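Per chain, numbering begins at 1; letters A, B, ... match sequence-line order. Note that the structure is predicted; figures quoted are calculated from it, not measured.
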Protein chains: 2
Amino acid sequence: MTALPGRPKGDSDTRARLIHAARCLFVAQPYTKVSTRLLASHAGTNAAMIRYYFVDKAGLFESMIKETFGPLLEQMRQILSQPGELKIAELFTRYYQVMGPHPDLPKLMLRSMLDPQSTENRLVARVFAEFMQGAIQLIGQSLQQPQHLQQGVDAQLARLSLIGLAVFPFIAPPQTLRSQGIELSPEFLTRLAQHNQRLVSQGIFKTASPES
Amino acid sequence: MTALPGRPKGDSDTRARLIHAARCLFVAQPYTKVSTRLLASHAGTNAAMIRYYFVDKAGLFESMIKETFGPLLEQMRQILSQPGELKIAELFTRYYQVMGPHPDLPKLMLRSMLDPQSTENRLVARVFAEFMQGAIQLIGQSLQQPQHLQQGVDAQLARLSLIGLAVFPFIAPPQTLRSQGIELSPEFLTRLAQHNQRLVSQGIFKTASPES
DNA sequence: TGATTAATTAATCGTCTGATGAATATGCTA
DNA sequence: TAGCATATTCATCAGACGATTAATTAATCA
């Protein structure tokens with residue numbers, strides 16, 4: 001059953017399988033609870049292969065983060081490079097379009113938030129910095145002009161509200177969501193975008209009343 | 001410098017110091033990263049005292065959770081036992097009054113959400129169950145009567161929004177908050193309660209228009 | 001074909017961790 | 001004051017973990 005030592009025939013996908021295992025396990029458990037042996041056995045290989053491909057456990061983690069978030073950052077850059085002001089309605093829709101296919105990412109972010117001292121999470125924070133900056137910039141586009149806010153609304157608090165509304169559904173425990181009959185399907189995210197847009201547009205922003 | 005073996009003179013507060021160390025460390029780092037030796041040295045004592053007072057590392061964690069959340073659950077019970085319907089404005093105010101003095105608790109909840117398999121977090125989930133049920137019940141009081149909602153607003157999504165708005169400020173990384181000039185002071189929480197109340201009352205709920 | 005490089009397993013090393021037992025000194029009570 | 005319960009340090013054990021090396025086999029290329 002166990003393969004013999006030595007290079008196996010054919011092409012190797014061991015590296016990819018390690019990355020995949022890392023993505024699954026590091027999302028589900030804290031860094032220290034994921035042992036190299038567990039990673040290896042999940043990938044159907046030997047723990048020494050981590051050294052071979054990534055030098056370190058930390059190296060595997062780093063590669064996983066970069067290869068996972070690279071495409072996402074690219075999407076963010078494209079959205080930011082598009083000229084013109086982003087309307088608050090589009091903001092939520094875009095956000096859920098981008099994040100929908102990656103429901104695990106907020107969890108990784110959250111882990112890095114909860115344990116900011118550890119070196120592996122400082123990496124996550126660095127990789128995410130651009131993403132977060134982009135998000136805040138997008139939100140700022142809609143919020144930093146006071147004329148868009150209802151009278152008496154604090155822009156700072158409004159920003160906090162937007163982030164909370166956007167992020168929470170992804171970090172809430174699936175059990176809690178399920179007990180509310182919620183499943184993070186594309187259809188649900190569409191409804192959620194509409195709901196959030198309605199919530200903030202009627203609660204925070206001036207309603208663009210047809211007769212001025 | 002190092003004390004000799006044997007019972008020291010005077011009363012002992014070692015147990016309390018261990019609980020305190022546990023609260024600090026388990027909030028700041030994941031369970032596995034907090035070693036018994038670290039806990040002990042933080043409490044200025046020996047790791048064997050954990051066995052003496054709490055049997056286990058897990059036992060220390062459990063006692064810390066129970067002694068920390070016990071008073072909070074009591075407050076929640078009192079609020080729930082008060083007759084009459086809770087208005088949405090009071091809901092946020094009450095919530096921040098209760099949570100304000102315990103800014104660490106949401107982080108512990110979050111950790112348990114992110115690693116629901118581990119035994120120590122199943123405990124947290126169990127201890128928190130009543131608290132969460134209470135919160136959901138309070139929110140439900142305000143939401144389950146459809147006549148309180150604006151036309152076309154989904155009660156399910158509205159509940160999710162309320163939870164997200166209420167919880168996020170506590171779980172957001174202090175660094176992120178600080179970069180926005182936010183500090184979780186009592187004054188800020190008061191402003192936040194007013195802000196959230198305004199957000200949902202004008203965005204989700206019917207505005208009690210003076211002329212009907 | 002022979003030599004070099006690539007990919008893998010197996011065995012092992014030192015370190016840290018949680019747990020435990022033994023020894024020791026104080027406090028309390030009869 | 002004798003004796004038992006209380007509270008503490010210290011030494012140590014077994015297990016897991018990350019890391020590393022040696023051995024082994026396949027692919028590549030001269």
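In this structure, B/Phe61 places its CZ atom 14 Å from P of C/dG18, rounding to the nearest Å. The distance from atom CG of B/Asp56 to atom C1' of C/dA19 is 8 Å, rounded to the nearest whole Å. If you measure from atom CE of B/Met49 to atom C1' of C/dG21, you get 15 Å, rounded to the nearest angstrom. Rounded to a whole Å, the CG atom of B/Asn46 is 12 Å from the C1' atom of C/dT20. Taking atom CZ of residue A/Arg51 and atom P of nucleotide C/dA11, one finds them 19 Å apart after rounding to whole Å. Rounding to whole angstrom units, CZ of residue A/Arg37 and C1' of C/dT12 are separated by 10 Å. Counting to the nearest Å, the C1' atom of C/dC16 and the NZ atom of A/Lys57 are 13 Å from each other.
Here the side chains of B/Met64 and B/Phe26 are in contact, with some heavy-atom distance below 4.5 Å.
Using modelled atom types and a 3.5 Å distance limit, the side chains of A/Arg17 and A/Thr14 yield a donor-acceptor pair. If you check the side chains of B/Thr68 and B/Arg23, you find a donor sitting under 3.5 Å from an acceptor. In summary, the side chains of A/Tyr96 and A/Asn196 do present a donor paired with an acceptor at a separation below 3.5 Å, with no hydrogens or angles considered. Judged purely by distance below 3.5 Å, without hydrogens or angles, the side chains of A/Glu187 and A/Ser185 pair a donor atom with an acceptor atom.
Residue-level contact check: A/Val55 touches neither bases nor backbone, having no heavy atom under 4.0 Å from any strand. Among the heavy atoms of the strands lying under 4.0 Å from B/Thr14 are primed sugar atoms or P, OP1, OP2 only; no base atom is included.
Seen from the ring of B/Tyr31, B/Lys57 counts as a face-on cation partner, given the 6.0 Å and 45° thresholds.
Ion pairing of B/Lys33 with A/Glu120 is present here, as a side-chain N (NZ or NE/NH1/NH2) and a carboxylate O approach within less than 4.0 Å.
Toward the 5′ end of DNA chain C lies the nearest nucleotide of A/Tyr53, the other residue of the pair A/Tyr53 and B/Lys33 mapping further downstream. Judged by closest nucleotide on DNA chain D, B/Gly44 is the one of A/Thr32 and B/Gly44 placed further toward the 5' end.
Between chain A and DNA chain D, the heavy-atom contact criterion of under 4.0 Å yields a 5' to 3' nucleotide range of D/dC17 to D/dA27.
With a 6.0 Å radius and a threshold of 12 heavy atoms from other residues, nucleotides or ligands, B/His102 has its NE2 atom above the threshold.
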- Query: How does protein contact run along nucleotides 22-30 of chain C, one letter per nucleotide 5' to 3', with B for base contact, S for sugar-phosphate only, - for none, heavy atoms under 4.0 Å?
  - Reply: --BBBS---
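To the nearest 0.5 Å, atom CG of residue B/Asp115 and atom OG1 of residue B/Thr32 are 8.0 Å apart.
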